[in-house]
Amino acid sequence: GFAEPTATPVTMPTSSPIASILSFSDYQKWKSGYTGDDWDALQPQLTTLLNSAKSAGVQPDYWLFGGDFTCTHTVSYEIEGMSQVKNIVYGTWDNLNDSNSVIVQGNHDESLPGADGLYPTGAVEFDDFIIYVLNEDAYPSTQSASDAQTTVTNTANALSAYLNGRIAAH
């Protein structure tokens, strides 16, 4: 028959990671009757979750929020949700702040990237790594719209050009 498979031992690196990144998204929950976001439920839920992570030894160097501070598609709710999340995150880990955090537009966020604390689409370069932001306006979650193909193609071309530039530089 067949030869018995052999296992090759895997040696795990013993060094620490270069950076620890806290990442999550979707700070949203409808109130009863779909009248807005249920901040009274969300704030203690997120606080408990992050306190549990901290108690378990999570010590992030950076924070990435992947969008959606509201369900309502309303800038004022989005800004309120963002303020709440930042206060909870920055209150849990005092080393996190706007300079080591990247906040991305979600499909429910109506602020334009580059405004109201949202990073524009493109590279965010830190000392040890790069986050390439793809916002809802540059890569729509609903791609059936007639202009979506052009938008997605332009975004893909920009990402390709950036990556090719990085490769050429090294």
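Note: hydrogens, waters and symmetry copies are ignored here, and every other heavy atom, side chains too, is used.
Taking OH of Tyr77 as the reference point, atom OG1 of Thr70 lies at 7.5 Å (rounded to 0.5 Å). Taking CG from Asn154 and OG1 from Thr121, the interatomic distance works out to 11.5 Å, rounded to the nearest 0.5 Å. Interatomic distance, Gln45 CD to Ile88 CD1, rounded to the nearest 0.5 Å: 10.0 Å.
Residues Tyr90 and Leu96 come closest through the heavy atom pair CD2-O, 3.4 Å. The shortest non-hydrogen separation linking Phe126 to Tyr62 is CD2-CE2, 3.4 Å. Closest approach of Cys71 and Lys29 over heavy atoms only: SG-N, 3.5 Å. Between Asn135 and Gln105, the shortest heavy-atom contact is OD1-N, 2.7 Å. Minimum interatomic distance between Asn107 and Asp68 (heavy atoms only, all atoms of both residues): OD1-OD2, 2.9 Å. Shown here for Gln84 and Glu80, the closest heavy-atom pair between the two residues is NE2-OE2, 2.8 Å.
Hydrophobic clustering keeps Leu118 apart from Val75 (ILVMFWY residues linked when any side-chain heavy atoms are closer than 4.5 Å, directly or through intermediates). Note: the hydrophobic cluster containing Tyr132 does not contain Val102 (ILVMFWY, side chain heavy atoms under 4.5 Å, direct or indirect links). Clustering ILVMFWY residues whenever any of their side-chain heavy atoms sit less than 4.5 angstrom apart, transitively, puts Leu22 in the very cluster that holds Leu42. Under the 4.5 Å side-chain heavy-atom criterion for Ile, Leu, Val, Met, Phe, Trp and Tyr, Met82 and Leu46 are members of the same hydrophobic cluster. By the rule that hydrophobic residues join a cluster once side-chain heavy atoms approach within less than 4.5 Å of another member, Tyr162 and Val124 end up as members of separate clusters.
By the 4.5 Å heavy-atom criterion applied to side chains, Ile130 and Arg166 are counted as neighbours. For the pair Asp37 and Trp30, the minimum side-chain heavy-atom distance is 4.5 Å or more. Looking at heavy atoms from C-beta onward, Val58 lies in side-chain contact with Trp93 at the 4.5 angstrom threshold.
Ser76 and Thr74 form no side-chain donor-acceptor contact under 3.5 Å, judged by distance and modelled atom types alone. For the residue pair Asn95/Gln59, the side-chain donor-acceptor check at 3.5 Å is satisfied.
Thr48 places a side-chain N or O within 3.5 Å of a backbone atom of Pro44 that can act as its donor or acceptor partner. Side-chain atoms of Ser83 do not come within 3.5 Å of backbone N or O of Ile79 as any donor-acceptor pair. Side-chain atoms of Asp109 come within 3.5 Å of backbone atoms of Gly106 as a donor-acceptor pair (strictly under, hydrogens ignored).
Shown here are the side-chain contact (heavy atoms from CB on, under 4.5 Å) partners of Ser20, two or more places apart in sequence or in another chain: Pro60, Asp61.
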Quiz item: Step by step, would you call Thr92 with Lys54 a side chain to side chain contact (heavy atoms under 4.5 Å, CB included)?
Solution: CA-CA 8 Å; Thr92 304; Lys54 185 175 183 179; 3.9 Å; yes

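The 12-atom threshold is exceeded at CG of Asn164, counting heavy atoms of other residues, nucleotides or ligands nearer than 6.0 Å. Counting non-hydrogen atoms of neighbouring residues, nucleotides and ligands closer than 6.0 angstrom, the OH atom of Tyr119 exceeds 12 such neighbours.
Note: Phe24 and Phe65 meet the aromatic proximity criterion, with ring centroids under 6.0 Å apart.
By the 4.0 Å N-to-carboxylate-O rule, Lys86 lies close enough to Asp98 to be salt-bridged with it. Under the 4.0 Å criterion applied to side-chain N and carboxylate O atoms, Lys31 and Asp38 are not assigned as salt-bridge partners.
Partner Trp63 forms a side-chain contact (heavy atoms from CB on, under 4.5 Å) with one of Ile21, Asn97, Ile103 and no other, that one being Ile103.
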